[in-house]
Amino acid sequence: IRTYLEIYAATGMRRNELSLMQPHQIDLQRWTIRLWATKISKERVIAVPRWLQPAFLNHMTAYGSQQYPFLVPFTNVGSFGNAVLTTLQKSAQLAGIPDYQNINIRTFRHSLITNLLSAGHSLDAVMQFVGHSRIRTTMSYTHHDEAHVHKTAEANPLSRLLSPDAAIELVPDASAARNESDSSKFA
């Protein structure tokens, strides 16, 4: 079950996207998963991160000949989901996470989206990666604290260019230029 939890955490896949995935959707040469049985019925491609590849390959080697290799050894999507959820909540409880009973598979998806956006990935890229149909859905995961707002302000190239420490004067001081022209009138 650890492999399932790692896949959810790394890819943001929905439960049915993983449990109903078939071997022909997996490209082990490119390390991608092509999903088309998605919530919005829109195809998307997910990359399998390097750190996950060994566990993913082990699972595919053991169960890849099955029609639904990620349902093995479960009998159906329901038993799969229940087993994964039970393991997840027990692990969260052992880790001392408050409200562990509220953690579910979607928690991984939500955390992934929030972390990708916080790391500075574009809304459009994250939207495509997780398969949202509307940018508004992805935007709902943006959480900006004050430190993030200050960091963004400092990243503005104009802030660096116009700072008091800037070594360049872009525009002559207008008041000095006006004073010079005024004094030349009286000379």
Side-chain angles (χ1 to χ4, degrees), residues 1-22 24-57 59-60 70 77 80-81 84-85 87-89 91-92 95 97-163 165-166 170:
I1 293 204
R2 180 184 178 100
T3 301
Y4 300 117
L5 295 176
E6 289 173 338
I7 292 170
Y8 284 125
T11 65
M13 292 173 75
R14 296 174 180 98
R15 183 181 73 180
N16 285 349
E17 291 171 345
L18 177 60
S19 62
L20 299 177
M21 184 171 48
Q22 297 179 343
H24 63 273
Q25 295 174 255
I26 302 163
D27 184 339
L28 293 177
Q29 299 298 313
R30 291 189 176 111
W31 286 105
T32 57
I33 303 167
R34 185 170 301 278
L35 299 173
W36 54 81
T38 66
K39 180 179 175 182
I40 61 170
S41 301
K42 184 179 178 186
E43 181 180 304
R44 78 178 193 274
V45 176
I46 295 176
V48 178
R50 281 189 201 106
W51 65 267
L52 181 57
Q53 292 171 4
F56 198 90
L57 186 58
H59 189 86
M60 288 305 296
F70 287 93
V77 175
F80 167 83
V84 171
L85 181 61
T87 302
L88 176 59
Q89 288 180 344
S91 298
I97 296 174
D99 298 326
Y100 64 88
Q101 63 276 10
N102 293 328
I103 293 177
N104 58 45
I105 294 167
R106 291 184 55 80
T107 305
F108 283 122
R109 182 173 170 80
H110 289 238
S111 296
L112 175 68
I113 296 167
T114 300
N115 290 333
L116 289 172
L117 292 170
S118 294
H121 295 280
S122 72
L123 280 167
D124 186 56
V126 174
M127 179 183 121
Q128 303 245 341
F129 181 73
V130 299
H132 286 156
S133 61
R134 296 175 309 162
I135 196 80
R136 282 182 90 90
T137 305
T138 310
M139 287 175 63
S140 69
Y141 290 90
T142 57
H143 307 288
H144 301 294
D145 59 9
E146 191 171 323
H148 180 76
V149 171
H150 283 284
K151 184 178 175 183
T152 302
E154 294 300 324
N156 178 354
L158 288 176
S159 291
R160 291 190 303 271
L161 188 65
L162 300 174
S163 74
D165 301 332
L170 294 176

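All figures in this text were calculated on a predicted structure; none of them were measured in a lab.
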Are [X] and [Y] packed together at the side-chain level, in the sense that at least one heavy-atom pair is separated by less than 4.5 angstrom?
X     : Y      : result
Trp31 : Leu57  : yes
Arg44 : Gln128 : no
Arg14 : Leu35  : no
Leu18 : Met21  : yes
Leu88 : Ser91  : no
Ile46 : Phe129 : yes

[X] to [Y] - nearest heavy-atom pair and separation:
X      : Y      : result
Thr11  : Leu112 : C-CD2, 3.5 Å
Leu123 : Thr142 : CD2-CG2, 4.1 Å
Gln89  : Ile103 : NE2-O, 3.0 Å
His132 : Ile113 : CE1-CD1, 3.8 Å
Gln53  : Val48  : NE2-O, 3.1 Å
Leu52  : Ala10  : CD2-CB, 3.9 Å

[Y] backbone acceptor or donor facing [X] side chain under 3.5 Å:
X      : Y      : value
Asp27  : Arg30  : yes
Ser111 : Phe108 : no
Gln25  : Ile33  : no

For the [atom1] atom of [X] and the [atom2] atom of [Y], what is their distance to the nearest 0.5 Å?
X      : Y      : atom1 : atom2 : result
Met127 : Leu116 : CE    : CG    : 14.5 Å
His24  : Arg34  : NE2   : CZ    : 10.5 Å
Leu28  : Met60  : CG    : CE    : 6.0 Å

For Thr114 and Ser118, run side-chain contact (heavy atoms from CB on, under 4.5 Å): C-alpha distance rounded to whole Å, both residues' side-chain angles, the deciding distance at 0.1 Å, then the answer.
-> CA-CA 6 Å; Thr114 300; Ser118 294; 4.2 Å; yes

Is the His59 ring parallel, tilted or perpendicular to the Phe70 ring (thresholds 30°, 60°)?
-> parallel

Determine the interplanar angle of the Phe80 and Tyr8 rings, folded into 0 to 90°, and report it as parallel if under 30°, tilted if 30 to 60°, perpendicular if over 60°.
-> tilted

